[in-house]
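For reference, the structure is listed below as C-alpha cells.
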Amino acid sequence: MTDYPNLFRPLDLGHVTLPNRVLMGSMHTGLEELGDFERVSAFYATRARGGVSLIVTGGMAPNREGGVLPGAAGLFTDKDIANHSLTTKRVHDEGGRIAMQILHAGRYAYSPECVAPSAIKSPISPFAPAELDDEGIEKQIADIAVAAERAKIAGYDGVEIMGSEGYFLNQFLVTHTNRRTDQWGGSYENRMRLPVEVVRRVRAAVGPDFVIIYRLSMIDLIPNGSTWDEVITLAKAIETAGATLLNTGIGWHEARIPTIATSVPRRAFSWVTKKLMGEVSIPIITSNRINTPQVAENVLAEGCADMVSMARPFLADPDFVAKARVGASKTIAPCIACNQACLDHTFEMKVATCLVNPQAAHETDLVYAATHAPKSVAVVGAGPAGLATAIVAASRGHHVTLFDRALKIGGQLNMAKQIPGKEEFHGLVEWYETMVAQTGVTMSLGTNVTPDMLSPFDEVVLATGVLPRDPKIPTQGAPHVVSYIDILTGRETAGARVAIVGAGGIGFDVAEYLSHDGESPTENLALWKSEWGVSDPEEHRSGLSPDGPKPTPSPREISLLQRKAERPGKRLGKTTGWIHRANLAMKGVKMLGGVEYTKIDGDGLHIATKDGERTIPCDTVVLCAGQVPDRGLAAQLSEAGQQFHIIGGADVASELDAKRAINQGSRLAAEI
Ligand code: FAD
Ligand code: NAP
Ligand code: SF4
C-alpha cells in the first residue's frame, strides 16, 4: 500500500501506459553542448532508474535560427541521431521512457539570426528578431516536424513541443509580440494558427503511436498576454491537432513575477491548471514549485491535474519516485528551489548541477564507491560542508563522528531558514538529520572540539565555518551596533530605523527579514499573489492584477549600504537577484552603493559619498560586512603537527555559499 495512491496510479495514453503520474520536466544541463554523450546518457539513465515515468529532455533546437544560443544542441545530422540514440537506449534499458523537447526560441534566441512573428526585440535579449515571411514560417514548421521525425528515429518515445514561457510559438499567440496582419496575425484564430499547425504537422510526421506533449502557457504574466478564453480555445485546438498530453507553462521569461524561485509558494500555480481540467479530454500536467511527494499527491488528489511535472527535484534526487514508492520520502534530497547550481549555472554558461546533490550531471566523474578500507573519520563542524562530508563518507563505509559545538546541526543554514522566502532550508536541515542517522554517523553535538579529541582518528576534516568580519567603523555610543548573527538568532532586536552595513547575500537577507512582519508570503499563497499582483486569468488577461503589486508595508525604515560604486545586489544570483531587489524596493528599502563609513554616533551612521557627507539616522546598525574563515582549531592542529583536511568557510570564506561547501565536502568524502 503506497502513501501516495494518486501519484502511483498508472496513466493510460492509448498506445502506452505510464506506471505513475510523475514526469521529469525539461531542463537544460549544457551537457549536450559539451558533446559528451556518455555523460548525457548517464544523466538521463540515472533518472530513469529512479522510477520517473516519463523524462523530457532539455530543449533541442529544430534549426540554427531557433537555438537559444549559437551552437545550441539539436538533432541536425545523422551523427546527432546516433548520439541521441545512446541516451534513448540507456533510458529504455533502465525501464524508462523519454521524450525530446523541441525548443524554438524565436526572439529569445541570443543571436543576431533570431526570427519572430514581428520585429519586436524582447527586453531580455540584445537582438531584434527578423520578421518571418510566409516562406520563413513554412520553413520553421517543416523544421520542427523534421526534428520530431528524427527524434522518433533516435528512439525517443515522444516529443514535447515547447509552446510556453514566451518562446517562438507563444510569441505568435499574443499581440504583445505578434503585430502581423496576414493569416498568422490579427484575430486569435490567426494568431494560434502556427502552434496548431505545428502540432498537426508533427503528428502527421510521427504517426499515431508516439507521444506528443504540448507545453501550453496557461498564465502569461505579461502585458497583453492571453485571456483565459484564448487558453481554452488553444488547448482544444491542440488536442484536435493530435497532442497526447498538455503540459503547463507559467509566465514568460520576461515576466516580472517570480514563478519558480524559492520564495514562490509551493504548488503556487496548480489552481491555474485546475481551471483547465474538464475542458479537454487529453491528460493535463501541472508544474512549478512541486518538490515533495506529498505536495504532488495533494495536487492530484484535489483534481488540479492528471499528472505532475517536476524538474529540479530530479537534479536534487534522481531516486525521488523510487524512494516515495517504498515509503522512504524522508530520505529524498530536497530541491530547495535556490536555482544556484542549476538555472544560474545555465545563465553563466556552466554545466547545470545541484547545490544539494553535486553528483547531478556529474554521474561519471563524482562516484561514491564503497570503500575497501574503512577508516575512522572525525568531521568538525555540522554546517553544510561537514554534513556533506559526513554522510558521503559514512555511506561509503567509513566510521564517521560528526562534532559541533552547537546543540543542533545545520551551521549557518539555521540562520538562512529564518529568512522569509527561504523556508525550504528547514527541509534541507531536516534531510541532513535523517541522513546522518540513516548512514550511521556518530553525532557529538554540544562539543567544543579541542586537538586532543581528534588524535585517535585516521582522518580529520575541519569544517568549522566562518566568523563575521568586523568592519571596524569608529563608534561612539548609541545607536545599537549588532551583527547579523545577533539579529537572526534572536539575541538582539532591531529598532524602527535600521542601517545595514554590507549589501551581499546576507545584507539582502537581513533586509528581507527586517522588512517583513507577520506571516511569510511564501507560506500564504493569497498574500503572495497580492504582493506580486497575480490574479485569476479568467478575470484579468494574462493573470496580471490591474492594481499591480500590493506589498505589505515594512515595519521599519531600512537603508542597505555598500562601498562598491555599483548597483547593490548586482552580484546576487543571476535568476533570483532581481526578485530580491524588486522585493526590497517594493518594501521601500533604500539601497545605496559607493559609500564610505566614517563613524557611528548618537545621530546614526555617518557616510561619505561622491555627493558629500551625510548621516543616516537610525537606532540600529546591523553589520553584514562579510566573513572570515574560523581557523582557530586548524591553527592548534598545525601547531601540534597533526594532519587534517580543511573545507567550506574554514578553508576560504570569500564568496562561500552552501553550494561550494557541499560540493567541496562531497568531493573530499568521495576520495577518503
Ligand atoms: P557553517 O555553516 O558556518 O558551519 C560551521 C559549523 O562549525 C558551525 O555549526 C559551528 O558551530 C561549528 N564549529 C566551529 N568551530 C567548532 C569547534 N571548534 N568545535 C565544534 N564545532 C565547531 N548559502 C547559499 O548557498 N544559499 C543561500 O541562500 C544562503 N543563505 C544564507 C543566509 C544567511 C542568513 C546566512 C547566514 C548564510 C547563508 N548562506 C547561503 C551561506 C551558507 O549558509 C554558508 O556558506 C554555509 O553554511 C557555510 O558552510 P560551512 O559548513 O563551511 O560552515
Ligand atoms: P558577501 O556577499 O561577500 O558580502 C559582504 C558585504 O560586505 C558586501 O556588501 C561588501 O561590500 C561588504 N564588506 C566587505 N568588507 C567590508 C568592510 N571591511 N567594511 C564594510 N563592508 C564590507 O558576504 P555575505 O553577505 O556575508 O554572505 C556570505 C556568503 O553567503 C556569500 O558569499 C553568499 O554567497 C552566501 N549567501 C548567499 C545567499 C544566496 O541567496 N545565494 C544569501 C546569503 C548568503 P563592499 O565591500 O562593497 O562594502
Ligand atoms: Fe533545486 Fe537548488 Fe538543486 Fe537547482 S540547485 S535543483 S534549485 S536545490
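For reference, positions follow the sequence shown, starting with 1. Start at 1 and go down the list; that is how both ligands and their atoms are numbered.
- With sequence neighbours excluded, no residue satisfies side-chain hydrogen bond (donor to acceptor under 3.5 Å, both in side chains) with E32.
- Only the backbone of C624 comes within 4.0 Å of ligand 2, counting heavy atoms alone; no side-chain atom from C-beta on gets that close.
- The shell of residues lying under 4.0 angstrom from ligand 1, judged by heavy atoms, includes F425.
- Between the side chains of R266 and N291, a donor-acceptor pair is found at a separation under 3.5 Å.
- Tally of protein N, O or S atoms closer to atom 2 (Fe) of ligand 3 than 2.8 Å: 1.
- Listed by number with element, the atoms of ligand 1 under 4.0 Å from a non-hydrogen atom of A661 are 49 (O).
- A side chain to side chain contact (heavy atoms under 4.5 Å, CB included) with I260 holds for exactly one of L343, I250, T575; it is L343.
- Remark: minimum distance from atom 38 (C) of ligand 2 to any protein heavy atom is reached at K422 NZ, 3.9 Å.
- Distance check for atom 40 (C) of ligand 1: every protein heavy atom is found at 4.0 Å or beyond.
- Heavy atoms of G573 stay at 4.0 angstrom or farther from ligand 2.
- For ligand 1, the polar-atom distance check against G410 finds no nitrogen or oxygen pair separated by under 3.5 Å.
- A side-chain donor-acceptor contact under 3.5 Å links H606 and T615.
- With atom 3 (O) of ligand 1 as the reference point, the heavy atom nearest to it among R660, E512, Q627, Q412 is part of Q412.
- At the top of the distance list for atom 5 (C) of ligand 1, counting protein heavy atoms only, stands A463 O, 3.4 Å.
- Checking side-chain atoms of R396 against main-chain N and O of I672 turns up a donor-acceptor pair under 3.5 Å.
- Under 4.0 angstrom from ligand 2, there are no non-hydrogen atoms of R571.
- Given atom 23 (O) of ligand 2, the protein heavy atom at minimum distance is G626 CA, 3.9 Å.
- For S520 and E423, the side-chain atoms include at least one donor-acceptor pair closer than 3.5 Å.
- For residues 460-474, no pair satisfies salt bridge (Lys or Arg N to Asp or Glu O under 4.0 Å), with sequence neighbours left out.
- The side-chain hydrogen bond (donor to acceptor under 3.5 Å, both in side chains) test applied to D365 returns H362, not counting sequence neighbours.
- Ring pair W578/W532 is perpendicular by interplanar angle, where above 60° counts as perpendicular and below 30° as parallel.
- Here the protein heavy atom with the shortest distance to atom 46 (O) of ligand 2 is R563 NH2, 2.8 Å.
- Q412 and Q627 are linked by a side-chain donor-acceptor pair at a separation below 3.5 angstrom, with hydrogens and angles left out of the test.
- For atom 9 (O) of ligand 2, a protein non-hydrogen atom is found at a distance below 4.0 Å.
- Side chain of R497 to backbone of S559: no donor-acceptor contact under 3.5 angstrom is found.
- Of the heavy atoms in L656, only backbone atoms (N, CA, C, O) come closer than 4.0 Å to ligand 2.
- By the criterion of a heavy-atom distance under 4.0 Å, the side chain of Y597, and not its backbone, is placed next to ligand 2.
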